[in-house]
Amino acid sequence: MDNYRGIAVTPVISKLFECTILPRLTLNFDQSSLQFGFTKGLSMLMASLIITEARAEGVRQGGILSPFLYKVYVNNLLEDLKSHSLGLKIGTNYVGCPTCADDIAFLSNNHQELQCMLSVATHHARQSRVTINPTKTKAVILNKPKKISKSDLNWTLGNTLVYPSEDTTHLGLIRAELKENNLNIDARISIARRTLYSLMNTGLHGTNGLNPQTSYKIYQSYVIPRLLYGMEILPLNQCQLDIMARFHTKTLRNIQSLPTRTATGSVFMLLGALTIEAEIHKRQLSFLYSVLSCNNSTIQGLVDRQVIMNIDNHLSFFCKVTGVLTLYDLPSISTLSQNLPSKLKWKATVKLAIQDYWTKTLIKEIETKSSLTYLDKTLLRIGHTHPVWTSLSSTVSDVKKGAIKVQLLTGTYELESHRSKFSGGRESALCKCCGTSDEDIIHFQLLCPALHKQRKETFSKLKSYVISVIGTKYWSKQFKGHLDLIKLIVDSSFYYHHGHCLEIGLNWTKF
């Protein structure tokens with residue numbers, strides 16, 4: 001219950017009064033450059049960025065996190081600390097107390113200096129008749145030298161002693177002495193998983209649920225933002241990215257009712273979905289634009305200093321984002337600073353660059369997979385869903401048909417030949433329906449005598465429909481063998497580019 005706060009229900013007339021006097025109150029208000037809350041063009045992640053960059057410098061910091069007051073009340077405190085240079089500096093840039101509304105982080109590389117900052121905060125709180133909640137005030141030692149013992153450290157906040165903690169949460173991110181990135185990843189995945197479970201009643205699950213195209217949109221809107229919050233400013237390594245990628249890929253497989261052995265590239269390309277790495281890159285580039293376009297002197301000074309002095313530090317956001325800009329062949333930070341495009345133009349440029357890069361990368365991977373022989377690569381593109389899903393209605397029966405179709409597309413529909421292969425020959429590959437031949441996809445779709453009656457009825461309709469579109473002559477020319485017919489049945493988009501057969505495949509469940 002300690003985490004819940006009361007909400008004031010203000011009458012409409014009071015809201016109108018507040019809207020009237022607000023412009024007058026803010027007219028002569030000189031806000032501190034260390035305040036990032038409730039300010040246009042700034043975000044709480046900019047305050048978190050300062051802490052990340054401070055840690056990347058390789059010095060020891062103690063962080064005192066106290067949610068108290070609002071930015072008007074804390075403004076004098078922030079300016080007082082800055083004017084006396086109490087707190088950490090990155091180069092010559094003062095970053096000792098990044099703040100978002102009433103959440104303040106005190107950063108220092110000296111525990112006596114940190115005590116002075118706490119004393120100043122206590123003095124200002126008493127002047128403003130505000131009480132600081134000591135139970136929500138924590139100290140975390142980052143990059144601690146071996147010669148420093150935590151047991152020897154403590155600070156005084158008013159009449160309360162504050163001792164070092166293993167970790168704490170600041171602005172939604174866990175700040176910890178050890179394994180900070182892993183703790184944040186575990187927390188984010190846990191939150192995303194709970195969000196997924198809460199959405200299951202909407203139909204966000206496999207064959208008994210919504211069309212996967214719709215399910216992915218729900219996942220993209222509600223789950224991914226919670227999964228990736230704050231990840232753009234953390235220096236994640238490849239192993240940590242892989243942990244998040246496994247959760248992301250597994251979720252997309254489940255949405256499409258695909259087995260674990262499905263080739264990863266097809267999992268993304270059938271939905272037109274980005275990989276988790278690309279999703280993080282997109283957020284990093286968006287955040288970079290916010291950083292470069294803001295008029296905050298602290299952030300601008302930090303950018304200038306880090307780009308010149310710390311661009312090779314792999315723990316720095318600016319080093320990470322420089323690599324991302326290079327990966328997508330985008331302008332450097334310095335070039336962007338000098339000639340910053342409009343926000344809409346930047347978003348469009350980033351979107352196109354990311355989609356092009358990952359489309360090429362994933363198609364290149366798909367082309368190496370023998371299981372994806374019957375999947376046409378020409379229509380696959382990030383941002384565009386494959387017709388196997390777009391052609392479905394929202395009925396459960398259609399979704400089930402689509403799940404079978406997509407397993408045939410990806411070579412994961414389990415046939416007797418697969419079982420024999422996976423068992424090392426211990427199980428027979430013989431078709432259990434007819435018992436005359438091994439059951440592979442050609443036998444299953446075109447040759448099995450036990451399924452002749454069903455095939456004749458359905459295939460006759462399909463053939464008549466195709467001939468009505470392209471004519472008998474083109475049918476005889478194009479569909480000469482079993483492979484051509486399998487491609488038509490499983491993925492008729494193979495024939496889109498011929499121009500004669502544009503309508504084939506628009507209704508995948510019609511036949």
Side-chain angles (χ1 to χ4, degrees), residues 33 36 40-59 88-95 98 173 181 228-238 240-241 244-245 274-362 364 382-383:
S33 62
F36 298 94
K40 185 178 180 180
L42 303 179
S43 72
M44 64 174 66
L45 282 180
M46 292 183 183
S48 296
L49 173 67
I50 289 175
I51 300 175
T52 298
E53 291 303 303
R55 184 164 196 169
E57 289 293 300
V59 298
L88 189 71
K89 288 185 177 181
I90 296 181
T92 59
N93 299 289
Y94 177 79
V95 294
L173 289 176
N181 289 350
L228 297 183
Y229 171 77
M231 294 297 106
E232 59 263 47
I233 65 170
L234 294 180
L236 303 178
N237 59 37
Q238 191 58 50
Q240 292 160 348
L241 285 172
M244 303 199 78
L274 288 171
T275 65
I276 206 68
E277 187 176 357
E279 290 282 3
I280 292 175
H281 289 168
K282 183 172 69 174
R283 284 159 174 76
Q284 286 176 330
L285 293 172
S286 177
F287 184 65
L288 174 65
Y289 185 90
S290 298
V291 166
L292 294 178
S293 61
C294 76
N295 294 319
N296 183 281
S297 59
T298 297
I299 293 296
Q300 288 178 343
L302 181 66
V303 172
D304 293 340
R305 193 267 177 185
Q306 296 299 79
V307 168
I308 294 172
M309 301 295 296
N310 213 28
I311 200 68
D312 295 326
N313 186 341
H314 71 281
L315 297 177
S316 170
F317 166 79
F318 297 96
C319 176
K320 293 286 185 182
V321 82
T322 296
V324 174
L325 290 169
T326 303
L327 180 67
Y328 297 114
D329 197 24
L330 294 170
S332 66
I333 297 176
S334 300
T335 303
L336 286 171
S337 299
Q338 295 168 7
N339 188 21
L340 195 65
S342 68
K343 186 174 183 178
L344 287 177
K345 185 176 180 181
W346 177 246
K347 286 179 70 174
T349 301
V350 167
K351 181 180 179 180
L352 184 62
I354 291 178
Q355 287 183 348
D356 285 347
Y357 176 85
W358 287 100
T359 296
K360 293 174 183 176
T361 300
L362 292 174
K364 190 175 181 180
I382 296 296

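Keep in mind that what you see is a predicted model, and the values were worked out from it rather than measured.
- Between Arg305 and Thr92, every side-chain heavy-atom pair lies at or beyond the 4.5 Å cut-off.
- Atom NZ of Lys351 sits about 14.5 Å away from atom CG of Leu285, to the nearest 0.5 Å.
- Here the closest heavy-atom approach between residue Gln284 and residue Val324 is recorded as OE1-CG2, 3.3 Å.
- A donor-acceptor pair under 3.5 Å links the side-chain atoms of Lys320 to the main chain of Leu236, judged by distance alone.
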Trp358/Glu277 under side-chain contact (heavy atoms from CB on, under 4.5 Å): CA gap, chis, key distance, verdict
CA-CA 10 Å; Trp358 287 100; Glu277 187 176 357; 3.8 Å; yes
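- Ring orientation note: the planes of Phe317 and Phe287 are nearly perpendicular, at an angle over 60° on the 30°/60° scale.
- One distance of note links CG of Asn93 with CD of Glu53; it measures 11.5 Å at 0.5 Å rounding.
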Query raised in the report: Step by step, would you call Leu336 with Leu288 a side-chain contact (heavy atoms from CB on, under 4.5 Å)?
Result: CA-CA 10 Å; Leu336 286 171; Leu288 174 65; 4.1 Å; yes
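- No donor-acceptor pair under 3.5 Å is formed between the side chain of Ser316 and the backbone N or O of Asp312.
- Going from atom CG of Leu45 over to atom CD1 of Ile50 covers 11.5 Å, rounded to the nearest 0.5 Å.
- Listed here is the closest heavy atom pair of Thr298 and Asn296: N-OD1, 3.0 Å.
- A 6.0 Å sphere centred on CG of Asn237 holds more than 12 heavy atoms belonging to other residues, nucleotides or ligands.
- The CG atom of Leu292 lies 4.5 Å from the OG atom of Ser337; values are rounded to the nearest 0.5 Å.
- Judged by distance alone, with hydrogens and angles left aside, the side-chain atoms of Tyr328 form no donor-acceptor pair with the main-chain N or O of Asp356 at under 3.5 Å.
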Report task. Test side-chain contact (heavy atoms from CB on, under 4.5 Å) on Met46 and Cys294 and set out the steps. Result -> CA-CA 10 Å; Met46 292 183 183; Cys294 76; 4.3 Å; yes
Practice prompt. Take Trp346 and Val350 through the side-chain contact (heavy atoms from CB on, under 4.5 Å) test and state the conclusion after the steps.
Written response: CA-CA 6 Å; Trp346 177 246; Val350 167; 3.4 Å; yes
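- The closest side-chain heavy-atom distance from Asn181 to Pro235 is below 4.5 Å.
- The main-chain N or O of Ile382 is found under 3.5 Å from a side-chain atom of Thr359 such that the two form a donor-acceptor pair.
- Side-chain atoms of Asn310 do not come within 3.5 Å of backbone N or O of Asn313 as any donor-acceptor pair.
- Taken from CD1 in Ile276 to CG in Leu228, the straight-line distance is 4.5 Å, to the nearest 0.5 Å.
- Counting heavy atoms from C-beta on, the side chains of Thr361 and Thr275 never come closer than 4.5 Å.
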